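None of these values were measured; they are calculated from a predicted model. We use all heavy atoms of the structure for the numbers below, so side chains are in, but hydrogens, waters and symmetry mates are not.
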Amino acid sequence: MEEFETPGGTVRWASSGSGPPVVLLHGTPFSSSVWRDIASALSERHQVFVWDMLGYGRSEKRDGQDVSLGTQAEIFASLLEHWGLESPSVVAHDFGGVVSLRAHLLHGARYNRLALVDVVAIAPWGTPFFHLVRDNPWVFEQLPSHLHEAIVRTQTATASAAGLRDGVLGELVAPWLGAAGQAAYYRQIAQADQRFTDEIEPLLGSLDLPVLVGWGEADEWIPVEQGKELASRIPGARLRLFPGAGHLVQEDAPAALTATLLEFLGQPRKVA
């Protein structure tokens, strides 16, 4: 992966394919690896960019980092300038939703179109486990490494309704292991403040671009009702539900999600 330096540390990114640009954003506790199969399929028609948010995946993790959603949005806006992308299409999952929305609504990042897949965008959000950790990060930071790994594996597995293959689960968990990974895992949860979505919720009605809201009907992390509510707040948004899929639609319904994204990304942009 290539590197982009930020005040908080090194962010790593990659691109593949050629054609109209598409940027894929991950969420928590994931990394760009959740998009590996979708990115490969999209790269047949598009130049696809992926990146690991600061403090996630292969990007730098260190004590004292600001890995808040506000900072991630600022980094994303800077990355788009670094890549020279004036108006790419953007596909976001989980925390990637609020990051992409903040970059667009607050920092002037321009998109051709935006797909929001099981995203964090409107309150309330966060599983009971997430809230427990956020309120007591110092307790979890002190867990023995084997207990920490068991917690991360168990919690991450619940993002899939169909069940994650062992190799996939291991790939998602690996960045959070070891002393640096364990500290980073609880750091990003501790900094996940609802104010970052509260600040943009009133602006959702001002979105003026094609928007697709996709949601797994069996999502246990962010109920499908949230997806329906989000779509209702965005003018002209199209809602696509994925039966039987959990929070990680990329794993539970990859073919359906890929087909939906290819169709959405390939639509001509209407000019008023």
Inset, instruction - Using the ring pair (Phe, Tyr, Trp, His ring centres under 6.0 Å) rule, pick out the option among F196, W221, F95 that qualifies with W125. - result: F95
Inset, instruction - Report yes or no: do N112 and S87 form a side-chain donor-acceptor pair below 3.5 Å? - result: no
Inset, instruction - Give a yes or no on whether R153 atom CZ has more than 12 heavy-atom contacts from other residues, nucleotides or ligands under 6.0 Å away. - result: yes
Legend entry - Check: Q226 and P124 side chains under 4.5 Å, non-hydrogen atoms: yes
Legend entry - Single hit among L257, V119, V117 for side chain to side chain contact (heavy atoms under 4.5 Å, CB included) with H93: V117
Legend entry - Atom CG of D135: over 12 foreign heavy atoms under 6.0 Å: yes
Legend entry - Which residues share a side-chain contact (heavy atoms from CB on, under 4.5 Å) with N136, sequence neighbours left out: L132, W138, V139, F140
Legend entry - Side-chain heavy atoms of Q72 within contact of L25, under 4.5 Å: no
Inset, instruction - Determine whether more than 12 heavy atoms belonging to other residues, nucleotides or ligands lie under 6.0 Å from atom CD of E5. - result: yes
Legend entry - Minimum-distance pair of heavy atoms, taken over all atoms of A109 and L80: CB-CD1, 3.8 Å
Inset, instruction - Step through the shown structure and confirm whether more than 12 heavy atoms of other residues, nucleotides or ligands are within 6.0 Å of CZ on R187. - result: yes
Legend entry - Y185 and H148 aromatic ring geometry - parallel, tilted or perpendicular at 30°/60° bounds: perpendicular
Inset, instruction - Write down the atom of F129, the atom of I151, and the distance for their closest heavy-atom approach. - result: CZ-CG2, 3.4 Å
Inset, instruction - Flag the pair I234 / L116 as yes when at least one side-chain heavy-atom distance between them is below 4.5 Å, and no otherwise. - result: yes
Inset, instruction - Inspect the surroundings of CZ in R62 and state if more than 12 heavy atoms from other residues, nucleotides or ligands are less than 6.0 Å away. - result: yes
Legend entry - H46 (side chain) donor-acceptor with P20 (main chain) under 3.5 angstrom: yes
Inset, instruction - Could you tell me whether W83 and F49 have their ring centroids closer than 6.0 angstrom? - result: yes
Inset, instruction - Would you kindly confirm whether M1 and V34 end up in one hydrophobic cluster when ILVMFWY residues are joined by side chain heavy atoms under 4.5 Å apart? - result: no
Inset, instruction - Among L69, V67, I75, find the one that has a side chain to side chain contact (heavy atoms under 4.5 Å, CB included) with T71. - result: I75
Legend entry - Name of the residue among F76, Y56, W35 meeting ring pair (Phe, Tyr, Trp, His ring centres under 6.0 Å) with W51: F76
Legend entry - More than 12 heavy atoms of other groups within 6.0 Å of E263 CD: yes
Inset, instruction - For the residue pair R233 and I122, establish whether any side-chain heavy-atom pair is separated by less than 4.5 Å. - result: yes
